[in-house]
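Report on one structure; see the data block that follows.
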Amino acid sequence: MSSMGGPHVGFAWQTVVYRDFDVELDEPGRRSGAALEALKADLGIPDDAEGYGLVGEWAEELSRPLTAGLPALLARLSHPDTTVRRILAVVFAYAYAPAEEVAPALLAHSESDPDAPVRLGLLFALGLHCDHPEVRGHLRRRLQGAPADALGAALGLLLPPVAETDAEVIDEALEALTLCGGEAGEALAELAWCDRLLRATADPADQLWPHIRARLGHDSRPPRSARC
């Protein structure tokens, strides 16, 4: 982890590289790059601002918003532009900060934001803090929500920094993946991860399975075909 944006925000560059985007990636798509530029402009971050530049351009760009500091980032959770809120959820997925400072806002907005992709992204980002009972309980409850919410919660539970070991939680999350075609796939396709994980397919369960199996560390049952 690299310290960015003051003592309370760190950049999870290992997660960017090893879990999600690989090394030396410039951007997963022009839409994602433009959205990140819009967020930086709104935060007043210049193009030559400090970033974590050792593992590729995209990782460096994702790290730059953290230099604005946690209060400025949390304030943008209520930004009127959906594009900004969507890429902000991606940024938060790599922003290490004390759970007591960041989790309450992510919890609230992951439930109240009217945009399904934003909620999905924030639930995924909460995976950084799922070792906290309140966050873990929230993610488990959201598995029973709308398809996009269920997918975000499942990803948050199955792809955290430390792999989930509770068989009951793993089964609940994998079951949620089996219901997450269609609407949930469309929501994920609006976020930067879709280029890496979905390859524009409408069946996220099958495409995500290799990533999830690698994180679990064992050959658990694969998800059934998506049913919606």
Side-chain angles (χ1 to χ4, degrees), residues 11-39 55-66 77 82-96 106 109-110 113 115-130 139 142-143 146-161 163 173-174 176-177 180-216 223 226:
F11 178 57
W13 67 267
Q14 298 98 329
T15 304
V16 177
V17 173
Y18 297 119
R19 189 190 72 185
D20 294 344
F21 292 109
D22 209 347
V23 71
E24 296 299 336
L25 183 71
D26 53 357
E27 61 184 27
R30 183 78 285 269
R31 180 174 58 183
S32 298
L36 194 55
E37 290 168 7
L39 173 61
V55 290
E57 184 179 341
W58 179 242
E60 184 174 15
E61 289 299 311
L62 278 175
S63 71
R64 284 189 171 125
L66 303 185
L77 288 170
T82 302
T83 297
V84 169
R85 300 201 312 279
R86 288 175 177 177
I87 197 66
L88 181 61
V90 177
V91 169
F92 269 117
Y94 310 107
Y96 278 122
L106 298 187
H109 285 273
S110 71
D113 196 289
D115 184 65
V118 172
R119 296 196 308 273
L120 189 162
L122 292 176
L123 288 164
F124 192 176
L126 278 164
L128 284 177
H129 310 285
C130 69
L139 292 175
R142 300 311 295 164
L143 290 174
D149 295 0
L151 178 57
L155 295 177
L157 288 165
L158 293 173
L159 296 172
L174 290 175
L177 289 185
C180 288
E183 179 183 332
E186 291 173 4
L188 185 55
E190 297 299 323
L191 300 171
W193 295 299
C194 72
D195 292 333
R196 169 68 174 165
L197 299 180
L198 282 188
R199 308 295 185 189
T201 180
D203 190 354
D206 290 342
Q207 293 298 319
L208 289 167
W209 177 244
H211 302 268
I212 292 167
R213 183 170 55 189
R215 291 290 293 150
L216 295 179

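In what follows, every heavy atom counts, from backbone to side chain, and hydrogens, waters and symmetry copies are set aside.
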Item to check | Spacing of CD belonging to E57 relative to CG belonging to L62, to within rounding of 0.5 Å | outcome: 11.0 Å

Checklist entry - What's the spacing between D115 CG and E190 CD if we round to 0.5 Å? => result 8.0 Å

Checklist entry - Should H109 and V118 be marked as a side chain to side chain contact (heavy atoms under 4.5 Å, CB included) after you check the CA-CA gap, both sets of side-chain angles, and the distance that decides it? => result CA-CA 9 Å; H109 285 273; V118 172; over 6 Å; no

Item to check | Heavy-atom pair of closest approach, residues A192 and W58 | outcome: CB-CZ2, 4.1 Å

Item to check | side chain to side chain contact (heavy atoms under 4.5 Å, CB included) partner of L143, the single match among L157, L123, L151, L177 | outcome: L157

Checklist entry - How far apart are the closest heavy atoms of A176 and A150, and which atoms are they? => result CB-O, 4.0 Å

Checklist entry - What heavy-atom pair brings C130 and G156 nearest, and what distance separates the two atoms? => result SG-O, 4.1 Å

Next on the checklist: Please report the interatomic distance CZ(F124) to CG(L139), rounded to the nearest 0.5 Å.
Outcome noted: 11.0 Å

Checklist entry - What residue pairs, at least two apart or across chains, pass salt bridge (Lys or Arg N to Asp or Glu O under 4.0 Å) with a residue in residues 118-130? => result R119-D149

Checklist entry - Below 4.0 angstrom, N of the basic side chain to O of the carboxylate: do R85 and D113 qualify? => result yes

Checklist entry - Does E37 come within less than 4.0 Å of R64, counting only side-chain N to carboxylate O? => result no

Item to check | Closest heavy-atom pair and its distance - S110, L126 | outcome: OG-CD1, 3.9 Å

Quiz: residues 87-94 side-chain donor-acceptor pairs under 3.5 angstrom, not counting sequence neighbours:
from	atom 1	to	atom 2	distance (Å)
Y94	OH	D20	OD2	2.5
Y94	OH	W193	NE1	2.6

Checklist outcome for this item: In terms of heavy-atom contacts, F11 and A59 come closest through CZ-O, 3.3 Å

